[in-house]
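Below: the structure, in structure tokens.
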Amino acid sequence: MRTRLYLLVLLALAAAAPLGAQQILRWGGDAEGGAPFVEADPRDPSKLVGFDVEIAELIASKLGRTPQFLQVQFTSLDQSAKRGDFEIGLSGIEDIPARRQSLAASIPYYEFREVLTVRDGDRGRYRSLADLKGRRVATLGGTMAYDLLLDAERTHGITAVSYDDDVHPYSDLVLGRVDGVVLDNVLADRAMRRNTGLFTHPGALAVGHYIVITAPENTALRDQVDRILREAMKDGTLEAIFKKWNVWNEDQPELYARLVNAPSTPGTPGTLGTPGTLGTLGTPGTGEKVRSYLPSLFRAALITLVLSFAAMALAVALGVLIATGRVYGDRFSRSLLTIYVEVMRGTPVLLQLFVIYYGLASMIRLPAFIAALLGLGLNYAAYESEIYRSALEAVPRGQLDAARILGFTRMQTLRLVRAPQAFRLALAPMTNDFVALLKDSSLVSMLTVVELTKQTQIFATNIGSWVIPGLLCALLYLAMSLPLGYLARRLEERWRMPTV
Amino acid sequence: MTKTSALVARGVRLKRGSREILRGVDLHAETGELVALMGLSGSGKTTMLRVIAGLEPRDAGDVSAAKVGMVFQFHYLFEHLCAIDNVTLAPTQVLGVSMIDARRRALQLLDQLGVGHRAQALPRELSGGEAQRVAIARALAVDPPLLLLDEPTASLDPARRNDLGEALLQLAKSGRALVMTSHDDDFVRDFATRVVVLANGEVVEQGDPQRILSSPQHPATKELLQIERARKK
């Protein structure tokens, strides 16, 4: 009896073991990237579909493990892999030297072409980046395509516009906000199916590859992945997956032939046979890389500064009007202004930015910078108006009575007595708000404005580390906000009315 | 100097909610007079001043007053301006007097009131008495024939009180009518030319300060004096 019970326990343990934590393969990707890479199944959103999903499942099954998906934002995949949030990452991750240096990267499993898409009517006019001199060309930030466009800014005089997703570059192309989009052929094909009136030039501006990433120390797993990928290239499994997702083409057999016969340690297969300018991506020392990014970081800091000052100027002007209206206006204008303030304070500024830039696009097509300025300015006006209103009301009634008896009109009382004192009271909270605005301005990267935080993110993604870019970014923000705080304190000291 | 009426108020009534603050007050003041309004807290004396100044709407009655200047109990100087700028603001902005003339006149007024040396000080840097006198200078700068003062001795020590009393009498003699509220019977006896006692929003007694404050007739006046005597002990 006792022996049988013992055996049962053993059996149960043996059965439970394969379901243990060790048997799960956590893989990271960005489901927002969408089809055909990783997306929620339209028929059952709790399931993921896409060729990257199938490749992850293939790798897991060959390792004898169960795949488990972890959602990670596309631009954070590298950092997340390094931290060990997941074991393998794949989500249309591009093979770039910086990534290969900072992570363990697999052999490429797919070769893509960077292609130029324009509006149908411009297909004869804009055939290359050189034709787009002086025009705005969009892409997804933190990608090879973005680096390609940054190069083209220098060589062809285009303006590179970075988006956080791959859908809006094409919809803005249709709207005429940009005149071209450079992205890989997989994304371009998808956009062509979604939008009408677009044309993609067949020629490749550059060639790149998708890879699987693992944490830098996990080369053993990487080697296993390489082995599995090579096998899948030989036995046609990869071909079947890509054919199923309609992305198989004649570039792949050539890539596979090269890789299957190559020695097992991957060299730098990144940009084999590149016809474009990606050669400049070759990355020497970190110092040089940092130096090469400094000018763009300073430019981005300038954009942050100009945007913040302009938005604050708008917020102050509007805030004064709102506050005056709320203190002096009739019942109707008072309640109208109260509604404005509560709506602007009660909803996220990010939502307001989206509505102004994308939501109003069918009525008025604001340039990104103007939309950003308006969004931040209109939002902060609500906060400023509250500061001014309470500052106006903090001026003692008795002073207003005194002014009235002395013969001042209401306007004169506001201008000569109430406003100057209210301004002194408002100064400290205003400075606070300005510093907050300086930092909130990073939200406008959602509208393709590359300001300091966005540029830092691009910088960090490309050199594969947040340490130096993060430090530089923090220093630049402090360099902008500290003098303001100092100035405000000086003014406050000068204006402070000393007690007896 | 011919006496002319700077203030004639008749039957002034004012209600706040269901409470009657003023119940038909008659008050007049001629140039050269320093009229003291006395009464317990809540008798309506400050409210009466505010009605005369046009700061409170009245429910009934007539007020015909010359141009009014007013000095508040808490001085309410403009905190962001120094003493002399407080005095010149109304003449330059309301009357269109040139800055040079306004400053000359302001310095003259400040000197006259004994605070000329504080012309550049901010209100918060002034003592209570100094601020009081700057506030008087500010009110006088627009040359009002009628000057209202709410408890002018409240922030003064006894020595300063006499200076102020002399200054006020001087102002009255130079062709103005002054109406002040006060609870200080000594000050009123020494300087006022006439006293008006208010109780529950009505005038209960008025006349020569010496006579009324030495032998009060109305119970409200007696109570007022008792309380004041007790307070001073």
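Quick note: numbers below take in every heavy atom, side chains included, and nothing from hydrogens, waters or symmetry partners. Numbers restart at 1 for each chain; the letters A, B, ... are given by sequence-line order, proteins then strands.
Around the CZ atom of A:R397, the shell of radius 6.0 Å holds no more than 12 heavy atoms that belong to other residues, nucleotides or ligands. Within 6.0 Å of CZ in B:R160 there are 12 or fewer heavy atoms belonging to other residues, nucleotides or ligands. With a 6.0 Å radius and a threshold of 12 heavy atoms from other residues, nucleotides or ligands, A:R345 has its CZ atom above the threshold. In this structure, A:Y486 places its OH atom where only 12 or fewer heavy-atom neighbours from other residues, nucleotides or ligands lie under 6.0 Å away. Within a 6.0 Å sphere centred on NZ of B:K15, other residues, nucleotides and ligands contribute 12 heavy atoms or fewer.
Taking 4.5 Å as the limit, every side-chain heavy atom of A:D401 sits out of range of all side-chain heavy atoms of B:Y76. By the 4.5 Å heavy-atom criterion applied to side chains, B:L89 and A:F408 are counted as neighbours.
In this structure, the portion of A:R415 lying under 4.5 Å from any heavy atom of chain B is its side chain and not its backbone. Only the side chain of B:F72 has a heavy atom closer than 4.5 Å to any heavy atom of chain A. Contacts of A:Q399 with chain B are made by both backbone and side-chain atoms, with heavy-atom separations under 4.5 Å.
Formation of a donor-acceptor pair under 3.5 Å by the A:Q412 side chain with backbone atoms of B:Q93 is found in this model. Between the side chain of A:R404 and the backbone N or O of B:G54 there is at least one donor-acceptor pair closer than 3.5 Å. At least one donor-acceptor pair under 3.5 Å links the side chain of B:H80 to the backbone N or O of A:L416.
Counting all heavy atoms, side chain and backbone alike, B:A90 lies closest to A:L406 at CB-CB, 3.9 Å.
With rounding to the nearest 0.5 Å, the separation of CD1 in A:I405 from CZ in B:R50 is 7.5 Å.
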